[in-house]
Structure formats: C-alpha cells, structure tokens
Amino acid sequence: MLPTLSQRIAQLQPSPTVALNSKAKELAEQGHKIINFSVGEPDFPTPDVIVQAAIKALQAGKTRYGAAGGGLPLRKAIVEKLEKENALTYKPEQIVVGIGAKEILFHLALACFNPGDEVLIPAPYWVSYTEHVVAAGATPIVIPMPTDHKAPRLTAEMVRPYVTARTKGIMITSPSNPGGFVIPPDEMKALGDYLSDKNWWIISDEIYEYMSFDGPSISMATLCPGVRDRFIVVNGFSKAYAMTGWRVGYMAGPKPVADLVRTLQTQSSTSLPPFIEEGALEALRHGKELMAEQMKVLRHRRDLAVSILKQYPELDMLPPNGAFYVYIDLRKVLAKSALYAKDNSLDFSKKLLETYHVAMVPGEAFGTPGFIRLSYAVHDDTLIEGLKRLGDALVEIGAKRTA
Ligand SMILES: Cc1ncc(COP(=O)(O)O)c(C=O)c1O
C-alpha cells in the first residue's frame, strides 16, 4: 500500500481546457481534421524582433539562472508601462515576474489566503482561480452569473449577498475569459467604490487588457485610488504579444505581497530564464505597435463569428467585446433536445468533438453549465468551417437556422 497523498492537492481538478486540447490533438493524430476552438491563445507568431532579442541573448550566454522575481531592467520596464499606460505608480520592488500569469496567480493565492478564508470568484470564471484558492487551503465562493446574460458584469449588488466575516479576497477579470466581456469604466468605478472600504485583497487579472474592442478597458486601481493599498494587478505577455509558450507574467502590488510571491518563486521555479527576459523587454519596447494589426484582425474575427452565430436565433451570447472569446448560451437549444439533460453543455461538447470534430470548452469548466466557449483566435476559413459544423450539431438537436 502507498502512503497517503496530500488531501488538499487531491481535491484539485486538472485544467479542463488543457485536457480538451490534449483530446483534440489525439484525434488529430488519428487523422481526423479537427477544428480547435478550445485554446486560449492567439494563432499569430511572436513578432520577430522579440524572437531575435531572445536568440541574441542566448548567443551572448544568458543561459544561467536569472534573478528571482525578474531582473531589474525588466521590472523597471514594467513600472514604466504601468505608469504610462495605466497611470499607476509602483517601485521595482513591488513587481514580481513569474513563469506566466498562471504561476503568479497560483503564488498569489498561496501568499494571500489562509485556511478558513473565503475568496469571491464571479462566474463564469477562468478555470484556475478556484483551484488556486483550494490549493491555498481557502474556500472559493462562486458568485453566480445573473440569469439575465445581457448584463453579466459584476456589481456591488451581486457581491453583497456572498460577503461574510471570512471574506478575504475577490477576483476581478476584465476583459474576461471565458465571458469575452469588458466591465465598462463607470461600472468598474462603482464596483471599486464599493470595495474601497473592504479589507480584502483585490486580485485583478488584466491579461487581456489590449483586447477591448468597443471601448477602453481601464483598471479598477486607475479609476479608484481608494483600493490601491489592497490591489494586485496581474498581467502577462502570453496574449498581448502572442507569447504563450514563453511563459512570462507579472504582478504589481503592495511590497509585502510581492516579497512573499518572490519567496515562493525562489522555492519553486527559481526565476524566469534570462534569455526569455530579453525577449520580454523587447516586447515591452515595441510589442504594442507590432501587435496593433493583429488586434484589428481579432476584432474582425469577432464580428465574423457574431454574424454567423446570429443565424441561430435561439443562441444568446454575452456581449463579446473583449479578449477573443464568445461565450454562447446554449440553454434554449439544449432545453428543446431530448438528448441532453438540462443545461448539459459538457455532453454536447463531447458529441461536438467526437462527431463533428470541433473542440470547444463547455460552460461546466467555468462554473456556468449550459454555455460553450468559442475561441475565435483562428484563421477566418477555420472559423467559418468550424461554426458551420457547430451549427449542424445544433440543428441536429432541434435548433433553428435562419440562413
Ligand atoms: C484570464 C486568464 N488569466 C491568466 C491566464 C494565464 O496566462 P499565462 O499564459 O500568462 O500563464 C490565462 C490563460 O489562458 C487567462 O485566460
């Protein structure tokens, strides 16, 4: 008999998006033409100047351990970015650079929360937030999405019923994954005003910051100085500069938090590879201009996806004005179908993959069954073909198609 495992870690769920992506790859290896709408990454290559900067650094011998929490030049460049673009003032010691925003978020949960603490997570949520909180021994408290999907944004009224004496943190994500929506500045400010007198950590995941198509996405800390001393901005390079495989993310926040997150890194991954840091520095110098065209392409694909999905009048959608997702409400169609139990988008997504060879992540993964997430960061032809197959799968279970 084996010794027992960690009870805390055994409660964690493996990432459903990673699992679905693996299943799609397996079917593709068997020769099926799979359309993969499940991945949370842009299909663009990393801009060449960024790649060249890393190659040059490798050739110059930057192949040893780096500085825990990120080298000073990179942290200074992040301070400048936050000052210039977000009107937020930090010192380099308040910045920690880690192996993707995911590692930063994981270490933040370990650094900020204790067993017994409750952390508010609005649904639909990114798959890892709840698991990070569980790994920290704290309790995720999911704030359900309002039934009126036309107003999915988080408001003080939605938060209030879930607050207890044990509440210790709240996760904010705008633009959001999987929702693909942006909290408009006036609503963000109202939420920030409500949170200003709460003694909680506010963790704001702003990784899709540049992908806001119908108006600006502004950080709560920029709008509400009252939250700043408990506010932690998380951002990363994966989405903004098409650098998912480089694994670079960072936090900016109160120094005691940054110190603990850095300590965790010294005891786990040690540091970002120094040649990767050089690529990241180059991304901060030129990446935004270099990616401007790609942002327009994403906006065009959003419009294309929405125009096709509108052919199915029973599908509802959250306003898809940010990131590169459309979060589609299948509940009306599923309710008509004898094949699926109420709101069971998980079984529908299995059938969609196995029979129609389209991979999409079901809402169960994000705390809202009955939905399915489309990632439209794919070529137009793929988008058109994949949505045709999705449409066929929906029509098969009784959905109306108008064109
Ligand atoms: C909302 C959100 N936060 C964080 C991450 C993690 O990004 P990274 O690649 O920097 O680890 C993702 C990736 O899908 C995401 O969607």
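Counting convention: from 1, in listed order, for ligands and their atoms alike.
- The shortest contact between atom 14 (O) of ligand 1 and any protein heavy atom is with K239 NZ, 2.6 Å.
- Among protein heavy atoms, atom 1 (C) of ligand 1 sits closest to D205 OD2, 3.3 Å.
- When each atom of ligand 1 is checked for a heavy atom of Y208 under 4.0 Å away, the hits are 1 (C), 14 (O), 15 (C), 16 (O).
- At the top of the distance list for atom 7 (O) of ligand 1, counting protein heavy atoms only, stands I207 CD1, 3.3 Å.
- Contacts between F324 and ligand 1 below 4.0 angstrom, taking non-hydrogen atoms only, are absent altogether.
- Contacts with ligand 1 closer than 4.0 Å are made by no heavy atom of E41, backbone or side chain.
- When each atom of ligand 1 is checked for a heavy atom of Y129 under 4.0 Å away, the hits are 1 (C).
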### Query
Where do R302 and N321 land on the side-chain hydrogen bond (donor to acceptor under 3.5 Å, both in side chains) test, with the steps shown first?
CA-CA 8 Å; R302 185 276 308 258; N321 49 16; over 6 Å; no

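- Close N/O approach between N177 and ligand 1 is found [any backbone or side-chain N/O within under 3.5 Å].
- The shortest N or O to N or O distance between S238 and ligand 1 is below 3.5 Å.
- E209 and S217 make their closest contact through O-CB, 4.1 Å (heavy atoms, listed as atom of the first residue, atom of the second, distance).
- Of all atoms in ligand 1, listed by their number and element, those nearer than 4.0 Å to a heavy atom of G100 are 10 (O), 11 (O).
- Closest to atom 10 (O) of ligand 1 among all protein heavy atoms lies A101 N, 2.7 Å.
- The shortest side-chain heavy-atom distance between I207 and V234 does not fall under the 4.5 Å cut-off.
- The nearest pair of heavy atoms linking E206 to S204 is OE2-OG, 2.6 Å.
- Under the 6.0 Å cut-off for aromatic ring centres, F366 and Y125 do not qualify, their centroids lying 6.0 Å or more apart.
- Ring pair Y325/Y208: centre-to-centre distance below 6.0 Å.
- The protein atom (non-hydrogen) at minimum distance from atom 11 (O) of ligand 1 is R247 NH2, 2.7 Å.
- For S345 against L334, the heavy-atom pair with the smallest separation is N-CD1, 4.0 Å.
- Shortest non-hydrogen contact noted between A242 and P45 is CB-O, 3.9 Å.
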